[in-house]
Amino acid sequence: MPTALITGASRGIGCALAKLLAARGVTVFAAGRDAALLDRLRAEAGCRTWAGDLRDPEAVLALYAAAKAALGEVDWLVNNAGFNNRKAPLAETGLDEFEAQYAVNLRAPYLLCREALRDMSRRRCGHMVNVISSCALHANETMGVYSAMKWGLRGLTGVLVKEARPYSVKVTAVYPGGTDTAFRAQPRPDYLRPESVAEAIASVLFAPADLVVHELTFRPFAESNF
């Protein structure tokens, strides 16, 4: 069975995916910021865990090195970590917000994809999944900084698809619609369950070897962004 490194795994989609993959026999290295929740995940699912802050680029590189040391090789990389501290018109945002969102939403997945591609291209196998957001498909007021990072990750992923293809390395961009997680200030039971999103991502990871899903977009019934 393959190994997997998942970021943003202490709660929400990442936690649900870590549990799902572990239950299916995948050796999972789960990363997040909340050490207590990661301890619970390790106890419940048997995942290897790492607690740290992806805003620090040295910590990101340390995470990848720790995953390799624990797993031997990283077969699947799932860049799921992300955050948006608030909604606000662009004129009311500050550079500190921009820098923090850049660090987690764009720089961290760039670094992890870079390190993974170096290893996967050498082995001529592997799969990278970037969980982006359906907001990267539209321009939404009050979401300027977050959208900029997610659009950037969308572009990076498109380039990665082409650069990884000669080495038989799969790359997938996932665009979930609204999901009912702690990412939101208020519960949204009409939105997707994290477990449903995890199932969709797992279907891509477990797809036949000759099938590559470059983009996967899905939404709850409550949304229609066409």
Side-chain angles (χ1 to χ4, degrees), residues 2-52 54 63 67 76-87 101 104-105 108-109 112 127-137 140 143 146-147 149-150 153-154 157 172-207 213 215-225:
T3 63
L5 166 57
I6 305 172
T7 66
S10 55
R11 53 173 57 84
I13 294 169
C15 182
L17 181 63
K19 291 178 179 179
L20 177 60
L21 295 186
R24 296 186 183 180
V26 177
T27 304
V28 175
F29 194 91
R33 286 190 298 168
D34 193 318
L37 290 179
L38 289 171
D39 287 343
R40 182 188 303 174
L41 175 62
R42 183 170 61 248
E44 292 178 356
C47 301
R48 324 279 179 91
T49 59
W50 178 93
L54 298 184
L63 163 60
W76 296 345
L77 167 65
V78 181
N79 280 308
N80 169 72
F83 85 102
N84 180 29
N85 56 318
R86 67 186 182 116
K87 292 183 178 181
Q101 291 209 43
V104 175
N105 295 331
L112 290 172
H127 197 159
M128 287 176 273
V129 174
N130 288 334
V131 182
I132 302 176
S133 170
S134 60
C135 81
L137 305 176
N140 298 315
M143 298 282 281
Y146 182 73
S147 295
M149 304 311 158
K150 292 301 185 177
L153 185 55
R154 178 188 178 188
T157 306
T172 303
V174 177
Y175 301 99
T179 306
D180 188 20
T181 70
F183 190 85
R184 301 179 181 282
Q186 300 295 329
R188 288 297 304 261
D190 56 330
Y191 276 5
L192 296 166
R193 296 183 304 116
E195 293 78 12
S196 299
V197 178
E199 287 281 0
I201 296 171
S203 71
V204 170
L205 291 168
F206 284 108
V213 179
E215 295 184 340
L216 180 65
T217 303
F218 49 88
R219 299 183 175 89
F221 280 112
E223 281 186 345
S224 179
N225 289 331

Participant: Would you check, one step at a time, whether the test side chain to side chain contact (heavy atoms under 4.5 Å, CB included) holds for Trp76 with Val28?
Facilitator: CA-CA 9 Å; Trp76 296 345; Val28 175; over 6 Å; no
Participant: Can you tell me how far CD of Glu195 sits from SG of Cys15, rounded to the nearest 0.5 angstrom?
Facilitator: 8.5 Å
Participant: Taking all non-hydrogen atoms of both residues, which atom of Asn84 and which atom of Tyr146 are closest, and how far apart?
Facilitator: CB-CD1, 3.5 Å
Participant: Output the distance between atom CG (Leu41) and atom CG (Asp34), rounded to the nearest 0.5 Å.
Facilitator: 11.0 Å
Participant: Where is the tightest heavy-atom contact between Thr157 and Ile132, given as atom of each residue plus distance?
Facilitator: OG1-CD1, 3.9 Å
Participant: Going by heavy atoms in the side chains, are Leu63 and Leu5 under 4.5 Å from each other?
Facilitator: yes
Participant: If every non-hydrogen atom of Thr7 is compared with every non-hydrogen atom of Asn80, which pair is closest and at what distance?
Facilitator: OG1-N, 2.9 Å
Participant: Step by step, would you call Asn105 with Leu153 a side chain to side chain contact (heavy atoms under 4.5 Å, CB included)?
Facilitator: CA-CA 8 Å; Asn105 295 331; Leu153 185 55; over 6 Å; no
Participant: Please examine the side chains of Val204 and His127, heavy atoms only from C-beta on, and report whether any two atoms are closer than 4.5 Å.
Facilitator: yes
Participant: Between Cys47 and Ala30, what is the shortest heavy-atom contact and its length?
Facilitator: CB-CB, 4.4 Å
Participant: State the CG-CE distance between Leu205 and Met128, to the nearest 0.5 angstrom.
Facilitator: 12.5 Å
Participant: Specify the closest pair of heavy atoms between Arg33 and Ser10, including all atoms of both residues, with the distance to one decimal.
Facilitator: N-OG, 4.1 Å
Participant: Test side chain to side chain contact (heavy atoms under 4.5 Å, CB included) on Leu17 and Val131 and set out the steps.
Facilitator: CA-CA 12 Å; Leu17 181 63; Val131 182; over 6 Å; no
Participant: Kindly say whether Glu215 contributes a backbone atom to a donor-acceptor pair with the side chain of Thr172 at under 3.5 angstrom?
Facilitator: no
Participant: Just by modelled atom types, is the Pro176 backbone N or O under 3.5 Å from a matching donor or acceptor in the Ser134 side chain?
Facilitator: yes
Participant: Mind checking whether Phe206 and Val26 have side chains closer than 4.5 Å, heavy atoms only?
Facilitator: yes
Participant: How many angstroms lie between atom OG1 of Thr49 and atom CG of Leu37, to the nearest 0.5 angstrom?
Facilitator: 11.0 Å
Participant: To the nearest 0.5 Å, what is the distance between OG1 (Thr3) and CG (Leu77)?
Facilitator: 10.5 Å
Participant: Can you tell me how far apart NZ (Lys150) and CG (Asn130) are? Round to the nearest 0.5 Å.
Facilitator: 8.5 Å
Participant: For a side chain to side chain contact (heavy atoms under 4.5 Å, CB included) check, start with the C-alpha distance between Phe218 and Val197, then their side-chain angles and the critical distance, and finish with the verdict.
Facilitator: CA-CA 9 Å; Phe218 49 88; Val197 178; 3.8 Å; yes
Participant: For Ala202 and Leu20, work out which heavy atoms get closest and say how close.
Facilitator: CB-CD2, 3.7 Å
